[in-house]
Amino acid sequence: MSFFGDIYAGKSAQAAANYNAKIQERNAAMKEQEAKQIMSVHNDYSLPRFDRTVEEIQGATKTSYLVRGAALEGTPLEMMYEQEIQLQTDRDIMNYNAENARDQANNEAIMARADADMQRWRGKVAKKASYYAAGASLLDLGMSAKTAGVI
């Protein structure tokens with residue numbers, strides 16, 4: 001009988017959709033973890049390392065001027081100021097890139113959750129459609145029985 005096949009197909013489609021939704025939920029959780037890890041690495045490793053490098057560069061530049069007997073005023077001071085501006089710009093770019101990567105991972109998590117919701121919805125629709133198909137199958141069976149004179 002097609003009736004039972006329709007019901008079974010609907011339940012199977014819903015089970016498959018729920019399984020796919022679980023996979024999407026897991027992917028979303030992984031993307032959220034990735035977003036946290038991006039910022040953790042940035043804040044705990046990249047920025048402190050960059051700051052140490054900035055201090056080394058600024059110290060080396062200052063020492064270079066002082067060893068040559070230049071006073072830290074006028075052109076040497078302007079050069080150090082320009083260097084500081086460039087280094088801070090580089091730091092801002094690093095922050096922007098890390099935040100952008102974090103936001104992208106969070107957006108991918110949101111999309112994965114939306115895909116999971118869509119999978120669950122498709123499963124519900126497939127299950128409901130199978131009930132309609134099963135009902136239609138029963139009606140067809142009843143009509144066939146009536147026209148055959150069984151009923």
Side-chain angles (χ1 to χ4, degrees), residues 1-65 77-151:
M1 289 188 103
S2 177
F3 169 78
F4 293 114
D6 290 333
I7 298 288
Y8 181 75
K11 287 183 178 182
S12 296
Q14 186 176 28
N18 287 340
Y19 176 77
N20 289 335
K22 284 182 183 179
I23 290 172
Q24 291 298 333
E25 290 287 348
R26 183 181 59 87
N27 290 344
M30 288 172 53
K31 283 297 180 180
E32 287 173 340
Q33 182 60 35
E34 180 183 328
K36 289 177 187 175
Q37 188 175 14
I38 286 168
M39 290 311 293
S40 177
V41 167
H42 176 70
N43 291 330
D44 298 339
Y45 177 73
S46 298
L47 277 183
R49 185 175 172 200
F50 180 79
D51 290 341
R52 279 191 306 276
T53 302
V54 166
E55 289 173 14
E56 290 171 6
I57 290 170
Q58 290 289 59
T61 303
K62 186 175 183 180
T63 301
S64 175
Y65 283 126
L77 188 59
E78 289 173 10
M79 294 289 285
M80 288 184 67
Y81 179 72
E82 287 295 323
Q83 186 180 53
E84 178 66 23
I85 289 174
Q86 184 59 49
L87 290 169
Q88 290 306 315
T89 300
D90 291 346
R91 189 176 202 278
D92 291 343
I93 290 170
M94 283 179 62
N95 283 331
Y96 172 81
N97 288 339
E99 290 169 0
N100 191 35
R102 178 205 56 207
D103 292 347
Q104 184 176 357
N106 281 330
N107 286 338
E108 288 174 10
I110 290 167
M111 291 304 296
R113 285 216 162 72
D115 287 344
D117 290 342
M118 181 63 79
Q119 287 292 330
R120 281 189 283 273
W121 177 79
R122 285 180 179 158
K124 288 178 187 176
V125 168
K127 185 177 178 184
K128 191 177 280 190
S130 75
Y131 287 146
Y132 292 137
S137 175
L138 282 177
L139 287 174
D140 286 344
L141 183 65
M143 290 301 288
S144 296
K146 182 170 173 100
T147 56
V150 176
I151 298 179

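This one's a predicted model, so the numbers in the text were calculated from it and none came from an experiment.
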#### Entry: Gln88 atom CD, neighbour heavy-atom count above 12 within 6.0 Å
yes
### Message
Quick check for you: to the nearest 0.5 Å, what is the distance between Arg113 atom CZ and Glu32 atom CD?
### Response
4.0 Å
### Query
How many angstroms lie between CD in Glu108 and CG in Asn27, if you round to the nearest 0.5 Å?
10.5 Å
#### Entry: Val125 side chain near Trp121 side chain, heavy-atom distance below 4.5 Å
yes
### Query
Okay, side chain of Ser40, backbone of Lys36: is any donor-acceptor separation there less than 3.5 Å?
no
### Query
Charged N to carboxylate O below 4.0 Å: is that the case for Lys31 and Glu34?
yes
## Note on the structure
Interatomic distance, CG@Leu77 vs NZ@Lys62, rounded to 0.5 Å, equals 10.0 Å
### Partners meeting side-chain contact (heavy atoms from CB on, under 4.5 Å) with Ile110 (sequence neighbours left out)
Asn107
### Query
Asp51 versus Arg91: any side-chain heavy-atom pair under 4.5 Å?
yes
### Query
Do Asn20 and Arg122 have side chains that get closer than 4.5 Å, going by heavy atoms?
no
### Query
Does the side chain of Lys22 reach to within under 4.5 Å of the side chain of Arg26, using non-hydrogen atoms?
no
#### Entry: Check: Ser64 side chain, Ala60 main-chain N or O, donor-acceptor pair, under 3.5 Å
no
### Spacing of CD1 belonging to Ile38 relative to CG belonging to Asp103, to within rounding of 0.5 Å
9.5 Å
### Atom pair CG (Leu47) and CG (Asn95), whose distance is rounded to the nearest 0.5 Å
5.0 Å
### Summary
Rounding to 0.5 Å, atoms CE (Met80) and CD1 (Ile57) come to a distance of 11.5 Å
### Query
Given Asp90 and Gln86, is the side-chain hydrogen bond (donor to acceptor under 3.5 Å, both in side chains) satisfied, shown in steps?
CA-CA 6 Å; Asp90 291 346; Gln86 184 59 49; 3.1 Å; yes
### Task
Using a cut-off of 6.0 Å, state whether more than 12 heavy atoms not belonging to Met39 lie near its atom CE.
yes
### Query
Where is the tightest heavy-atom contact between Pro48 and Asn43, given as atom of each residue plus distance?
CD-O, 3.3 Å
### Query
Hey, is CE on Met94 packed in by over 12 heavy atoms from elsewhere, all under 6.0 Å?
yes
### Message
Tell me the closest heavy-atom pair linking Tyr131 and Ile7, and the distance in Å.
### Response
CD2-CD1, 3.0 Å
### Message
I'd like to check the side-chain contact (heavy atoms from CB on, under 4.5 Å) partners of Ala21; sequence neighbours left out, ordered by chain and number.
### Response
Ala116, Gln119, Arg120
